[in-house]
J.: 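Pasting a structure here, questions to come.
Numbered from 1 within each chain, the chains take letters A, B, ... in sequence-line order.
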Amino acid sequence: MRFLILISSFLISTLCAAQEYEVEQKNKMFSVKEITLKKGDTVHFKNSDKIFHNVFSLSDTQFFDLGSYPKGESRAVKFETPGKVEVECAIHPQMYMVIDVKE
Amino acid sequence: MKAAVCFLIVTTGALLVRFAVASEQQYNFKAGDVSLQHWLMPVRMDEPKDNKQTAQRIALGKMLFFDPRLGRNKNISCATCHNPLLGWSDGLPVGQGHQGVPLPRATPALYNTGFNVLQMWDGRKRSLEDQALAPMAADTEMNVDFDQMISFINSFPEYRAAFKTAYSEGVTKEKIAKALASFERTIVSDNSPFDDWIKGDASALTGDQIAGFKLFVDAEKGNCAVCHNPPNFTDNGFHNIGLKVAREKPDLGRYHIRKVAVLKGAFKTPSLRSIAKSAPFFHDGTAKNLAQVMDHYLQDFTHNKGVSPALKTIKLTAQEKQQIIAFLHSLSDRNEIPTLPVLPQ
């Protein structure tokens, strides 16, 4: 959890239903192995490596392919369906994490 | 609450800075310099908990690896394609399987395969144990009838004893796979002139080889290290490197395993350790030598939409190209080829 940056203020988040999270791609790893969030929350996948990454999920719960993007760029996914979402990097298969979306 | 938020941001920021420094460090190109030490291979290789390396398992695996009688026609072994005299490959553009039928891809060299995150050109196998039986089972490769093969192995007291000593009584497919994986984990390339230079022997590399190493890691020159990362000269990743493909039936590589657009025509980044021993090169064997490999990467990829974003158009002089090739030769391991096993008769 130490690398997980909660970019929305906690004070604001208590007033809003949906939260926004940031997961980094750094040293060919995701900054967290697993996170739990609520339906409607958004995760920003930020590339902090000098190389390209390509975050995707082929999970039944939610499918997405964020395409390849370089250092400094971030792409977001809003999670609308409860369930487990396995997230990988297409280029670097050792990069793997799970997002547990709760009702 | 505000204090907690500030603490989180400050702590995270500090960690980010530390990692940035670690990953973007500048090299000091002097033999033995501390900045270069991450190019040395790890001393130990990870092993599965249920298949720890033992001398007996390695010896059994070596016998199985070199025994040509395990193929359906009793004339093809693992070593037929993964020949230690040819850099644990076969010297052919693409492999030849059962009855000499050409296979769609080149035979990968086995150096340091135990360090791979995934096995096979398309990464469809996770471990060496998982991989070992695949070429045996494939009707285009060894085309093994496993019941027949196990019966054959069981007909030799020496093999039965070797299985019992290495694992337990009885010959099974699972034990065959484990023994082969144990042997394959001994095929390691970590004792090259480059390694000596990294350890501090200034005479281990020539001036051209050191210049080639500089070009290799320079993102504005060779840009090779963008994928061929330390220490095993691979990012364990998958890239479309812009090789020409047949239009009628292109080999989509990793895309067959993961249906993600960037993986169309993408194949695993091979380790470059001992690479000079296993020509020809690329997954389709189209580069006859390292000069042709370099010529491929010196193309203009600007208009090739399917190519990996890691690739960029590079410019090297003829001398710089030769220096990178000279450097690649310095990665050749000097470990001796293992002695051949005595097979049960």
J.: Just so I know, are the side chains of Ile324(B) and Leu316(B) near enough to count as touching, which here means a heavy-atom distance under 4.5 Å?
T.: yes
J.: Ile91(A) versus chain B, heavy atoms under 4.5 Å apart: side chain, backbone, both or neither?
T.: both
J.: Do Val23(A) and His44(A) have side chains that approach each other closer than 4.5 Å (heavy atoms only, starting at C-beta)?
T.: no
J.: Sort out for me which of Thr269(B), Leu263(B), Leu118(B) touches chain A most, counting heavy-atom pairs under 4.5 Å.
T.: Leu263(B)
J.: So, are Lys28(A) and Asp49(A) salt-bridged, with charged N and O less than 4.0 Å apart?
T.: no
J.: Given heavy-atom pairs under 4.5 angstrom as the criterion, report whether the side chain, backbone, both or neither of Ala266(B) touches chain A.
T.: neither
J.: Report the residues that fulfil side-chain contact (heavy atoms from CB on, under 4.5 Å) with Lys305(B), sequence neighbours left out, ordered by chain and then residue number.
T.: none
J.: When only pairs under 4.5 Å are counted, which of Ala90(A), Cys89(A), Gly67(A) shares the most heavy-atom pairs with chain B?
T.: Ala90(A)
J.: Taking Asp33(B) for its side chain and Phe29(B) for its backbone only, find out whether a donor-acceptor pair lies under 3.5 Å.
T.: no
J.: Does NZ or CZ of Lys259(B) come closer than 6.0 Å to the centre of the six-membered ring of Tyr255(B), within 45° of the ring's axis?
T.: yes
J.: Does Val87(A) reach the side chain of Ile99(A), with side-chain heavy atoms less than 4.5 Å apart?
T.: yes
J.: Can you pull out the residues in residues 221-238 of chain B with any heavy atom less than 4.5 Å from chain A?
T.: Val226(B), Asn229(B), Asp235(B), Asn236(B), Gly237(B), Phe238(B)
J.: Do Ile210(B) and Phe327(B) have side-chain heavy atoms sitting under 4.5 Å apart?
T.: no
